[in-house]
Amino acid sequence: MSTTVTITMQERRYFERIHQVVEQVPRGQVSTYGDIALIVGGGCDARIVGLAMGDLGPRSAQIPWQRIINRSGGISTLEAVGQRERLKAEGVEFDEKGRVLLERFRWAGPTPEWAAQHGFTPLPARSASKDEEDKSQLRLF
DNA sequence: CGTATGACCATGC
DNA sequence: GGCATGGCCATAC
């Protein structure tokens with residue numbers, strides 16, 4: 001009997017995949033809503049990642065939602081204090097203004113192997129220094 | 001099916 | 001860097 005599972009892949013085509021990616025963020029590192037959206041791809045948006053995090057419910061105990069922060073390194077949740085404490089306990093450091101030091105603790109994204117294997121998009125490489133990156137791109141003027 | 005909302009982000013000032 | 005706007009797309013009513 002082939003009880004084909006008629007899984008509702010359509011309904012939350014993003015939520016499921018978002019959760020899957022967030023699970024990959026290692027302890028002691030953080031990622032941003034936008035980065036997760038890029039990895040999921042297929043038109044996924046940063047706000048959808050936020051929605052998916054809010055939709056975790058009981059699963060919040062399994063999925064490291066605390067490692068997802070906003071582009072500025074700030075915490076967007078209502079329980080910002082608790083989230084910051086969790087991250088501190090993992091070794092994540094903050095600056096004087098209470099923002100995560102993204103340059104040091106930002107997750108580089110999944111390995112190309114894992115990404116290809118599960119149908120995700122790896123994150124583009126980021127230079128440690130923005131200036132050097134700009135310099136490497138010759139402005140032909 | 002239109003409207004409002006959201007754990008966002010890029011842009012312009 | 002901070003503040004205000006517009007845009008983005010899925011959900012809830």
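In what follows, every chain begins at residue 1, and chains take the letters A, B, ... in the order their sequences are listed.
Taken from CD1 in A:Ile48 to CE in A:Met53, the straight-line distance is 12.0 Å, to the nearest 0.5 Å.
Within 3.5 Å, a donor on the side chain of A:Tyr33 pairs with an acceptor on the base of B:dA7, or the reverse.
Checking A:Ile68, A:Val81, A:Ile69 one by one against A:Ile75, the side-chain contact (heavy atoms from CB on, under 4.5 Å) holds for a single residue, A:Ile69.
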Sequence neighbours left out, cut at 3.5 Å: what donor-acceptor pairs do the side chains of residues 115-123 of chain A make with other protein atoms?
from	atom 1	to	atom 2	distance (Å)
A:His118	ND1	A:Gln20	NE2	3.3
A:His118	NE2	A:Trp114	NE1	3.2

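When heavy atoms are screened at a 4.0 angstrom cut-off, A:Asp45 is found touching base atoms of the nucleic acid. In this structure, A:Gly34 reaches the sugar-phosphate backbone alone: every heavy-atom distance under 4.0 Å involves primed, P, OP1 or OP2 atoms, never a base. Heavy atoms of A:Thr77 sit under 4.0 angstrom from at least one base atom.
Atom CZ in A:Arg59 sits about 17 Å away from atom P in B:dA7, given to the nearest Å. Atom-to-atom, CE of A:Met53 to P of B:dC9 comes out at 13 Å; the value is rounded to the nearest Å. Look at CG on A:Leu56: it is 10 Å from C1' on B:dA7, rounded to the nearest Å. For A:Leu78 and B:dG6, the CG to P distance is 10 Å, given to the nearest whole Å. Rounded to an integer number of Å, the gap from A:Ile63 CD1 to B:dA7 P is 17 Å. Rounded to whole Å, the distance from CZ on A:Arg47 to P on C:dA10 is 13 Å. A:Ile18 places its CD1 atom 13 Å from the C1' atom of C:dT11, with the value rounded to the nearest Å.
In this structure, of C:dA10, B:dC8, C:dG2, it is C:dA10 that holds the atom nearest to the side chain of A:Leu51. Out of C:dA10, B:dG6, B:dA10, the shortest distance to the side chain of A:Arg71 is found at B:dA10. With C:dG1, C:dT11, C:dC8 as the candidates, the nucleotide lying closest to the side chain of A:Phe15 is C:dT11. Looking at the side chain of A:Ile48, the nearest of the listed nucleotides B:dG6, C:dA10, C:dG2 is C:dA10. Listed nucleotides: B:dA7, C:dA10, B:dC9. Nearest to the side chain of A:Asn70: B:dC9. Considering only side-chain atoms of A:Lys97, the nucleotide from B:dA7, C:dG2, B:dG6 that sits closest is C:dG2.
No hydrogens or angles considered: a donor-acceptor pair under 3.5 Å links the side chains of A:Gln66 and A:Glu90.
Distances shown here put a side-chain N or O of A:Arg99 below 4.0 Å from the OP1 or OP2 atom of C:dG2.
Around CD of A:Glu79, the count of heavy atoms belonging to other residues, nucleotides or ligands within 6.0 Å does not exceed 12.
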